Amino acid sequence: MPELPEVETTVRGLVPVLQGQRVKSAETRRADLRWPFPPDLRQRLTGALITGLGRRAKYGLIDTDRGDTLIFHLGMSGKWRVDPAELGAHDHFVMETEDGRRVALNDPRRFGSVDLVRTEALAAYKPFIAMGPEPLGNAFTADYLKIALRDRSASIKLLLLDQRIVAGLGNIYVCEALHMAGISPRTAGGRISKPRLEALVQAIRNVLVAAIEAGGSSLRDYARPDGELGYFSKEWRVYGREGEECHCGALVRRRVDGGRSTFYCPTCQR
DNA sequence: GCACATGTTGGCAT
DNA sequence: CATGCCAACATGTG
């Protein structure tokens, strides 16, 4: 589920449930996800007031009035279930609010994570230290990309997946953005012209905004016990569409880069 | 049984 | 030190 738009949609779905609420209980139901839960998680959250929620790249942020920020990552299979009727095998972390709502972090593959850090020290959180700019922020420009990609021989596909260059993109949206910008996924990052970088920045912005809007349009359906998100896979133009026709009439191809599938149109993307 | 999956990272070679 | 590339993590689905 989770690249930047999915995390953004998730956070927006949690806001009406958690923001301004006091934590009645916080429970871990196993010792770890990708790494152990903070040992003092329950104590530091119980009784705390949730003051706000946010996102950095693919990480969700939940601030409390005690100066702590809960940081969660959804890994490959993580999602929050809102007011589940009952808890299941993969509901690894559960919080209840004083007004009776309950949220459960469900993650079968357990590639996700939960941490609790001092809000003032967020910038020093290990995954954030070398992280690149937000793709929807002002710092992400063609000028920035030109410098970040200078002399890089690796493919633009792999470079865009590198969170140090730009933070929040994953395999789906990289494929989609490259298609939208008409750039071949195997082009060396350092050899892309400025005008094409402009197109790429715009494509990345457009695809993320469209995905968030699609998530947003089904947001009212988000807070369901089964934890399903209304999803927008119908809008993918190349991802998961090997052998189908691109709008140009050519057939979408699939290749493997760095062990991951790349979907692209050999005609539109040069 | 097999292939594949929206992510991250540690290790190794260059 | 920088860069590029792989395997590994754990579980589910088709």
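Note that the structure is predicted; figures quoted are calculated from it, not measured.
Partner assigned to C/dG4 is B/dC12, using Watson-Crick or G-U wobble distances below 3.5 angstrom.
A donor and an acceptor atom, one from each side chain of A/Glu96 and A/Ser25, are located under 3.5 Å apart.
Between the CZ atom of A/Arg34 and the P atom of B/dT9 there is a distance of 5 Å, given to the nearest Å. Remark: P of C/dA2 and CZ of A/Arg152 are 11 Å apart, rounded to the nearest angstrom.
Taking side-chain N and O atoms only, A/Tyr239 has a distance below 4.0 Å to OP1 or OP2 of B/dT6.
Under a 4.0 Å N-O distance rule, the pair A/Asp143/A/Lys194 qualifies as a salt bridge. A/Arg109 has no carboxylate O lying under 4.0 Å from a charged side-chain N of A/Asp107, or vice versa, which leaves the two without a salt bridge. The pair A/Glu134-A/Arg55 counts as a salt bridge, with a side-chain nitrogen and a carboxylate oxygen less than 4.0 angstrom apart.
Between A/His73 and A/Gly259, the residue anchored nearer the 5' end of DNA chain B, judged by the nucleotide with its closest heavy atom, is A/Gly259. Nearer the 5' end of DNA chain B, as judged by each residue's closest nucleotide, is the contact made by A/Phe111, out of A/Phe111 and A/Lys126. Taking the nucleotide of DNA chain C with the nearest heavy atom to each of A/Arg150 and A/Arg109, the more 5' of the two is matched to A/Arg150.
Among the protein residues, A/Ser113 comes within range of no part of the nucleic acid, since none of its heavy atoms lies under 4.0 Å from any strand. Contacts of A/Arg110 with the nucleic acid, taken as non-hydrogen atoms under 4.0 Å apart, involve only primed sugar atoms and P, OP1 or OP2. At a threshold of 4.0 angstrom between heavy atoms, the contacts of A/Arg164 with the nucleic acid are absent.
For B/dA5, its base never sits under 3.5 Å from the side chain of A/Arg260 at any donor and acceptor pair.
For A/Lys58, taking side-chain heavy atoms from C-beta onward, the closest of the listed nucleotides B/dG7, B/dC4, C/dG4 is B/dG7.
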